[in-house]
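Basis for what follows: all heavy atoms, side chains included, without hydrogens, waters or symmetry-related copies.
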Amino acid sequence: MLEDALKNMFPYKEITLKSGDTLQITNTFFYIKEGLVIGTFGNKVPENFECSKNEIFGLRQLLDKNFEIKTLSAKKDTDLLSFNNENFTNMMESTDKNIAIFLKSLIQHGTY
């Protein structure tokens with residue numbers, strides 16, 4: 001359901017990673033269709049994170065550069081949907097202020 005909603009809201013491209021592949025994160029956020037990724041985020045003291053099927057990562061760094069993703073690799077074969085941050089930013093700027101605040105709060109507490 002989340003996958004379909006994201007596909008309907010934003011242009012996307014599909015990416016396939018093999019186990020051990022790395023990915024450079026630049027102005028994108030991702031939805032994991034299948035698989036598992038591991039990485040680090042944070043500018044001061046990098047912290048480890050892990051995301052798997054049906055999870056999103058890369059949104060939190062839009063709101064706070066202190067959560068910028070530094071490294072990312074596939075722990076097993078992984079299929080991703082990649083979304084451009086600009087599309088998300090434009091949506092947030094054009095939506096109701098209260099809804100935008102609510103969404104930002106969810107992102108800050110529930111995603112990488």
Please give me the minimum heavy-atom distance between [X] and [Y], naming the atom from each residue.
{"X": "K18", "Y": "A74", "value": "O-CB, 3.5 Å"}
{"X": "I25", "Y": "L72", "value": "CD1-CD2, 3.7 Å"}
{"X": "N43", "Y": "K65", "value": "ND2-O, 2.6 Å"}
{"X": "Q61", "Y": "I69", "value": "OE1-N, 2.8 Å"}

For [Y], is there any backbone N or O sitting under 3.5 Å from a side-chain donor or acceptor partner on [X]?
{"X": "T89", "Y": "N87", "result": "no"}
{"X": "T78", "Y": "L17", "result": "no"}
{"X": "E55", "Y": "S52", "result": "yes"}
{"X": "S19", "Y": "K75", "result": "yes"}

Can you label the angle between the F10 ring and the F88 ring as parallel, tilted or perpendicular, going by 30° and 60°?
->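 If you compare the ring of F10 with that of F88, the planes turn out tilted.
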Approximate separation, where rounding is to 0.5 Å, of L62 CG and E68 CD |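 It comes to 11.0 Å.
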Could you tell me the separation between the CZ atom of F49 and the OG1 atom of T40, rounded to the nearest 0.5 Å?
->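 Rounded to the nearest 0.5 Å, the CZ-OG1 separation comes to 7.0 Å.
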Do E86 and N27 have side-chain heavy atoms sitting under 4.5 Å apart?
-> no
Within-4.5 Å side-chain heavy-atom neighbours: I15 and K13 = yes
Only one of L6, L23, I56 passes side chain to side chain contact (heavy atoms under 4.5 Å, CB included) with F30; say which it is.
-> L23
Just one of D79, N54, L80 clears the side chain to side chain contact (heavy atoms under 4.5 Å, CB included) bar with Y31, so which one?
->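 The passing option is N54.
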For K70, does the NZ atom have more than 12 heavy-atom neighbours from other residues, nucleotides or ligands under 6.0 Å away?
-> yes
For E3, look at atom CD and say whether over 12 heavy atoms of other residues, nucleotides or ligands are found less than 6.0 Å away.
->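 Counting neighbours around CD of E3, more than 12 heavy atoms of other residues, nucleotides or ligands fall under 6.0 Å, so yes.
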